[in-house]
Amino acid sequence: MNLDFGTTLIGAISAVICVTPFVLVTRSVKKKEKEMLRSLTDFADRDNCKINEHEYVGDFIIGMDTNKKVVFFYKEERNEIEKLSVDLKDVKSCKASKIGKSVRNNGKVEQTIERIELVFSTKPTAGRDVVFELYNSQNNLQLNGELQTAEKWAKMVNDIV
């Protein structure tokens, strides 16, 4: 009986030790997402907009006021903050842009991705195009769903415009 209790206790302590880092990381990510959403919401409030739909990916969050059809972007990177917005009434199309280069490695040609952008092509009356840089290989070590996010949002925007 005593041996079973000791084994059970050691098993329980080991489980807690193994699970704790995952719980802490998940809580940290959720906290960061809440902070980023609050910053994005504050940014949208300045234009009297409400964020109805959003997506958080690592160091940025993108959101949209689906009623007023305005897309907002908020990014924190290396202690720099980037805030951009685009009114979809000024947009003629949107595309996910993957910028990279070919590298020869042991006789094989490999494609590397240097940047992923969401590019809003605006109407001539609106001025220049708007670009949300979702990923830059100089600042991020690896991709974390940025390409899928860019493609998803490009489709959403094109369905509206």
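Scope of the values below: all heavy atoms of this structure, side chains included, with no hydrogens, waters or symmetry mates.
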Members other than [X] in its cluster, when Ile, Leu, Val, Met, Phe, Trp, Tyr link by side-chain heavy atoms under 4.5 Å?
X	value
V16	none
V119	V131
V23	V19

Only pairs at least two apart or in different chains count here, so list each ring pair (Phe, Tyr, Trp, His ring centres under 6.0 Å) that has a residue in residues 31-70. F43-F72, F60-F73
Contacts satisfying ring pair (Phe, Tyr, Trp, His ring centres under 6.0 Å) that involve residues 93-114 (not counting sequence neighbours) are none
Distance (rounded to the nearest 0.5 Å) between [X] [atom1] and [Y] [atom2]:
X	Y	atom1	atom2	result
S121	R128	OG	CZ	13.5 Å
I51	D42	CD1	CG	10.5 Å
E110	R104	CD	CZ	11.0 Å
K108	S102	NZ	OG	15.0 Å
I61	K32	CD1	NZ	10.5 Å
L143	L147	CG	CG	7.0 Å

[X]: what forms a side-chain hydrogen bond (donor to acceptor under 3.5 Å, both in side chains) with it, not counting sequence neighbours?
X	answer
T41	none
Q148	none
N139	E77, R78
K83	none

Step by step, would you call K155 with D159 a salt bridge (Lys or Arg N to Asp or Glu O under 4.0 Å)? CA-CA 6 Å; K155 182 182 179 337; D159 288 347; 3.0 Å; yes
Any donor-acceptor pair under 3.5 Å from T112 side chain to G100 backbone: no
Backbone N or O of I113 within a donor-acceptor pair of the K98 side chain at under 3.5 Å? no
Residues two or more places apart in sequence or in another chain: which of them pass ring pair (Phe, Tyr, Trp, His ring centres under 6.0 Å) with Y74? none
Once ring pair (Phe, Tyr, Trp, His ring centres under 6.0 Å) is applied, do any residues pair with F120, and if so which ones, sequence neighbours excluded? F132
Is the NZ atom of K68 crowded by more than 12 outside heavy atoms at less than 6.0 Å? yes
More than 12 heavy atoms of other residues, nucleotides or ligands under 6.0 Å from NZ of K30: yes or no? no
Between L88 and M64, does a side-chain contact (heavy atoms from CB on, under 4.5 Å) hold up when you go through it step by step? CA-CA 10 Å; L88 297 184; M64 182 184 335; 4.3 Å; yes
Which pairs with one or both residues in residues 54-65 pass salt bridge (Lys or Arg N to Asp or Glu O under 4.0 Å), sequence neighbours excluded? E55-K152
Decide yes or no on side-chain contact (heavy atoms from CB on, under 4.5 Å) for E35 and E76, but give the supporting numbers first. CA-CA 11 Å; E35 290 171 4; E76 288 182 6; 6.0 Å; no
Please lay out, stage by stage, how K69 and V161 fare under the test side-chain contact (heavy atoms from CB on, under 4.5 Å). CA-CA 9 Å; K69 296 180 177 41; V161 299; over 6 Å; no
Test log, rule side-chain contact (heavy atoms from CB on, under 4.5 Å), inputs D47 and S85: CA-CA 10 Å; D47 291 338; S85 66; 4.0 Å; yes
